[in-house]
K.L.:
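Sharing a structure with you now.
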Amino acid sequence: PLCSNNNPYASFGATLARDEEQNLWSTPHDVTHTEADDDRVLYNMIVVRNQLDKDSEEWQKLNYDIYTLRQTRKEVRSRWKHILEDLGFQKEADSLLSVTKLSIISDSQNMSKARDILLKLSEETNIFPTSWELSERYLFVVDRLIALDAADEFFKMASTVYPKRPRGDRADESQKAPQR
């Protein structure tokens with residue numbers, strides 16, 4: 001027979017489809033996800049949620065947490081894309097932000113500098129939310145910016161567009177209602 005239950009590859013396509021459905025990054029069928037820690041956290045949340053009864057309080061809480069994490073990731077990606085576009089990378093922004101399992105660091109000598117810049121971005125700007133744990137994904141992006149000699153300009157723009165607010169300051173000046 002042409003179809004056999006002994007075929008070890010019979011479920012291969014189904015496995016790939018299920019992996020895509022797990023939405024490890026930000027949107028369904030996003031093939032740019034990595035197997036980084038933050039992706040595993042999201043994946044584990046999805047697995048646990050899918051084992052629960054949809055009517056349960058635990059399912060609703062996990063579903064909300066998954067949604068919140070995805071929205072936060074989208075917001076961070078959007079911030080990075082905004083800065084890249086402002087720096088003149090309108091056509092390249094998506095490809096610069098695209099990180100897959102096959103992505104590599106362009107130059108191992110840049111790794112230390114990329115980590116330093118990423119840490120500096122996290123400490124001195126609001127490009128990442130306060131509770132955000134640094135994602136390995138953005139290490140690859142910073143490495144690409146170093147290779148393009150645009151990392152310092154990116155940091156300067158991020159400092160301008162997403163400045164770190166003092167702890168007591170709750171809203172950006174742009175969000176305050178104008179006085180009339």
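Positions are given from 1 along the sequence.
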K.L.:
May I ask you to test the Met111-Leu139 pair for a side-chain heavy-atom distance under 4.5 Å?
P.N.:
yes

K.L.:
Quick one: closest heavy-atom pair of Ala151 and Ile146, and the distance?
P.N.:
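Taking Ala151 first and Ile146 second, the nearest heavy atoms are CB-CG1, 3.7 Å.
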
K.L.:
Taking Tyr64's backbone N and O only, do any of them form a donor-acceptor pair with Thr68's side chain (distance below 3.5 Å, no angle check)?
P.N.:
yes

K.L.:
Tell me, with the steps shown, if Asp116 and Lys120 meet side chain to side chain contact (heavy atoms under 4.5 Å, CB included).
P.N.:
CA-CA 6 Å; Asp116 290 345; Lys120 194 173 168 184; over 6 Å; no

K.L.:
Check whether Ser122 reaches the backbone of Leu118 with its side chain - one donor and one acceptor, N or O, closer than 3.5 Å.
P.N.:
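No.
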
K.L.:
Roughly how far, to the nearest 0.5 Å, is the CE atom of Met157 from the CG atom of Asp86?
P.N.:
5.0 Å

K.L.:
Taking it one step at a time, do Arg73 and Leu42 satisfy side chain to side chain contact (heavy atoms under 4.5 Å, CB included)?
P.N.:
CA-CA 11 Å; Arg73 287 175 158 197; Leu42 179 56; 3.4 Å; yes

K.L.:
Mind running side chain to side chain contact (heavy atoms under 4.5 Å, CB included) on Lys164 and Thr125 for me, showing each step along the way?
P.N.:
CA-CA 4 Å; Lys164 194 67 146 186; Thr125 73; 5.8 Å; no

K.L.:
About how many Å separate CG of Leu121 and OH of Tyr162, when rounded to the nearest 0.5 Å?
P.N.:
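Here the rounded value is 12.0 Å.
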
K.L.:
Taking the basic N atoms (NZ, or NE/NH1/NH2) and the acidic carboxylate oxygens, is any pair closer than 4.0 Å for Asp65 and Lys61?
P.N.:
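Yes, Asp65 and Lys61 are salt-bridged.
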
K.L.:
What are the two closest heavy atoms between Gln90 and Glu85, and how far apart are they?
P.N.:
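Minimum heavy-atom separation between Gln90 and Glu85: NE2-O, 3.1 Å.
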
K.L.:
Measure across Ile127 and Ala158 and return the closest heavy-atom pair with its distance rounded to 0.1 Å.
P.N.:
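For Ile127 versus Ala158, the nearest heavy atoms are CD1-CB, 4.3 Å.
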
K.L.:
Is there a donor-acceptor pair closer than 3.5 Å between any side-chain N or O of Arg144 and the backbone N or O of Leu96?
P.N.:
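Such a contact is found between Arg144 side chain and Leu96 backbone.
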
K.L.:
What closest approach, in Å, do Asp55 and Gln60 show between heavy atoms, and which atom pair accounts for it?
P.N.:
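Minimum heavy-atom contact is O-NE2, 4.3 Å.
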
K.L.:
Under 4.5 Å between any side-chain heavy atoms of Trp59 and Asp53, yes or no?
P.N.:
no

K.L.:
Look at the aromatic rings of Tyr138 and Phe128 and report parallel, tilted or perpendicular, splitting at 30° and 60°.
P.N.:
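It falls in the perpendicular class, over 60°.
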
K.L.:
So, taking the atom named CZ in Arg70 and the one named CD1 in Ile66, what distance separates them when rounded to the nearest 0.5 Å?
P.N.:
6.0 Å

K.L.:
Just wondering, are more than 12 heavy atoms of other shown residues or ligands nearer than 6.0 Å to CG in Asp149?
P.N.:
no

K.L.:
With sequence neighbours left out, write down each residue that passes salt bridge (Lys or Arg N to Asp or Glu O under 4.0 Å) with Lys81, or none if nothing qualifies.
P.N.:
Asp94

K.L.:
Could you report the tightest heavy-atom contact between Leu97 and Arg137, atom names first, then the distance?
P.N.:
O-NH1, 3.8 Å

K.L.:
Does this structure show an ion pair linking Arg79 with Glu75, if we count only N-O contacts that are shorter than 4.0 Å?
P.N.:
yes

K.L.:
Could you give me the CA-CA distance, side-chain angles and deciding distance for Val142 and Trp80, then say whether side chain to side chain contact (heavy atoms under 4.5 Å, CB included) is met?
P.N.:
CA-CA 10 Å; Val142 172; Trp80 280 72; 3.7 Å; yes

K.L.:
Please round to the nearest 0.5 Å and tell me the distance separating atom CD1 of Ile117 and atom CG of Leu119.
P.N.:
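If I round to the nearest 0.5 Å, the distance is 11.0 Å.
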
K.L.:
Return the CG to CZ distance between Leu84 and Phe89, rounded to the nearest 0.5 Å.
P.N.:
7.0 Å

K.L.:
Rounded to the nearest 0.5 Å, what separates atom CG in Leu87 from atom CG in Leu145?
P.N.:
8.0 Å

